[in-house]
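Reckoned from all heavy atoms, side chains included, excluding hydrogens, waters and symmetry mates.
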Amino acid sequence: MLTLKQIQENTEAVIAGLKIKNFDAEPYIKQILAKDEDRRNTQKEQDDLLSQINVISKQVGQLFKEGKTDEANEMKKKSAELGEKQKALGTKLDAIATELNDILVRLPNLPYKLVKPGKGAEDNEIVKLVDDTIPNLPADAKPHWELAKDYNLIDFELGVKITGAGFPVYKGMGAKLQRALISFFLDENTKAGFLEIEPPLMVNEASGYGTGQLPDKEGQMYHVGIDNLYLIPTAEVPVTNLYRDVIVSSKDLPIKNTAYSACFRREAGSYGKDVRGLNRLHQFDKVEIVCIEHPSRSYETLDKMVAHVESLVKKLGLPYRILRLCGGDMSFTSAMTYDFEVYSAAQKRWLEVSSVSNFETFQSNRLKLRFRDEETKKTQLAHTLNGSSLALPRIVAALLENNQTPEGIKVPECLQQFMGCSMLTK
RNA sequence: GGAGAGAUGGCAGAGCGGUUGAAUGCGGCGGUCUUGAAAACCGUUGACCUGAAAGGGUUCGGGGGUUCGAAUCCCUCUCUCUCCGCCA
């Protein structure tokens, strides 16, 4: 969430910024400023009372020691009265703080200066296009769900039987391809200086709030009611929460983590033509990168992360494009996002395979993730960034479709050492 | 799942109703000494809210209670450890 300081010091800029995200913040901002003023005044009042009570209490102790019982009892009475008032103020303060917080968490993150306004996906800006590897497939080229069946790589029906739609079963070389991609991505990431993490696949409520999935995306996550745990929708959640309530040393920045995890998404309300095969699933594999960076360098780091993800897509030999999302298509929490899409030649469409974002202090404010500034010696919120590197299903879809030949499906060179072959055959 | 013990600052570890925000040690930072370093010695060192500042307030796992006053007493939740059970 945005910090009160941001809102107080740059009120107009915040309102203007959120307009780019098509969010009319003005009425909320007014409420926030009013509530905050109320909060400060109430707290001052309460603090003064507490201060008086503290002074009296010390005197009571002293008077008892001196044997002045009558005087002490007199003071006790006075303090008890103040205590009543103080308690009432405390209750009021809690209520105000809750109201303030409820409004604050509903405000999306401010977009970065490079983000342009726009309504949705159609207004995203293509910053790079590499389409010279789009293959010339024959007219009878098959989509990946058919190839997966022909080559016995993925069984969607079996998944439906044992679990439900959106839970594919990978078999034989299909399963091995998953493992190959995960290994390849993790190896490349660790080579680039990311520390590998294997996180839990379930998180508690506090973690859900920390990265912002709760409360707004409650229905999107699988919930294990008996233990009140959530299946992670992305490794971003457990990995970023490693740093919840942590003050890191500024010399440790940037912190670079990578993690493979299965990801679980209920995707409530989405069905139909766009979700065939691997295009959208309830469970899928993904390798994630997470960075924690000094505010002055976070956009440099974002660029480096984008360059890194690009190197992966390049090595896989897939046609790709990089988009800078417009205000209307960006997520609630992001300040700037680059999406990677690969071209799926048989479906003749671009598929999103990665989303790399800078959240600035939006997550760290909730997480209380700070670092100590070397100069001022004060704690300051760090910037958090993350991206997929990469999500597997659509990569698999594109690889199968783009690399199909009459002889079989070609395995990209970078995966051959993991697959033990250069061609998938029937 | 059953029985018991515990949770205090970056870490270790005292305190068990009244100048205790918290002894002591380690670590960190600054200094003296040294050509430099180590050692030794001296000083300093939690976080948060509020305030221009001085100051005030909160915080000893979380929440609630008793009291004029709680790290200290009571209730509750969470977590950790030991033993038993179960088990990859």
Using the [atom1] atoms only, state how far [M] lies from [N], rounded to an integer number of Å.
N: B/rG61; M: B/rA70; atom1: P; result: 15 Å
N: B/rG28; M: B/rG46; atom1: C1'; result: 12 Å
N: B/rA39; M: B/rC29; atom1: P; result: 12 Å
N: B/rC74; M: B/rA3; atom1: C1'; result: 23 Å
N: B/rA7; M: B/rG15; atom1: C1'; result: 15 Å
N: B/rG9; M: B/rG62; atom1: P; result: 10 Å
N: B/rA22; M: B/rA47; atom1: C1'; result: 14 Å
N: B/rC33; M: B/rC42; atom1: C1'; result: 11 Å

- Task: Tell me which of A/Val60 and A/Gln43 sits closer to the 5' end of RNA chain B, going by the nucleotide each one is nearest to.
- Result: A/Gln43

- Message: By nearest heavy atom, map A/Asp94 and A/Gln46 onto RNA chain B; which one lands nearer the 5' end?
- Response: A/Gln46

Using a cut-off of 4.0 Å on non-hydrogen atoms, how would the nucleic acid contact of [X] be classed: base, sugar-phosphate, or nothing?
X: A/Ser57; result: base
X: A/Asn73; result: nothing
X: A/Leu50; result: sugar-phosphate

When both hydrogen-bonding distances must be under 3.5 Å and the geometry is Watson-Crick or G-U wobble, what is [N] paired with, if anything?
N: B/rC29; result: B/rG43
N: B/rC16; result: none
N: B/rU82; result: B/rA3

- Task: For the pair A/Asp48 and A/Lys44, find out whether any cationic side-chain nitrogen is under 4.0 Å from an anionic carboxylate oxygen.
- Result: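 Looking at A/Lys44 together with A/Asp48, the answer is yes, because their closest N to O distance falls below 4.0 Å.
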
- Message: Please tell me whether A/His282 and A/Phe264 form a close aromatic pair, meaning their ring centres lie under 6.0 Å apart.
- Response: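 No, ring centres 6.0 Å or more apart.
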
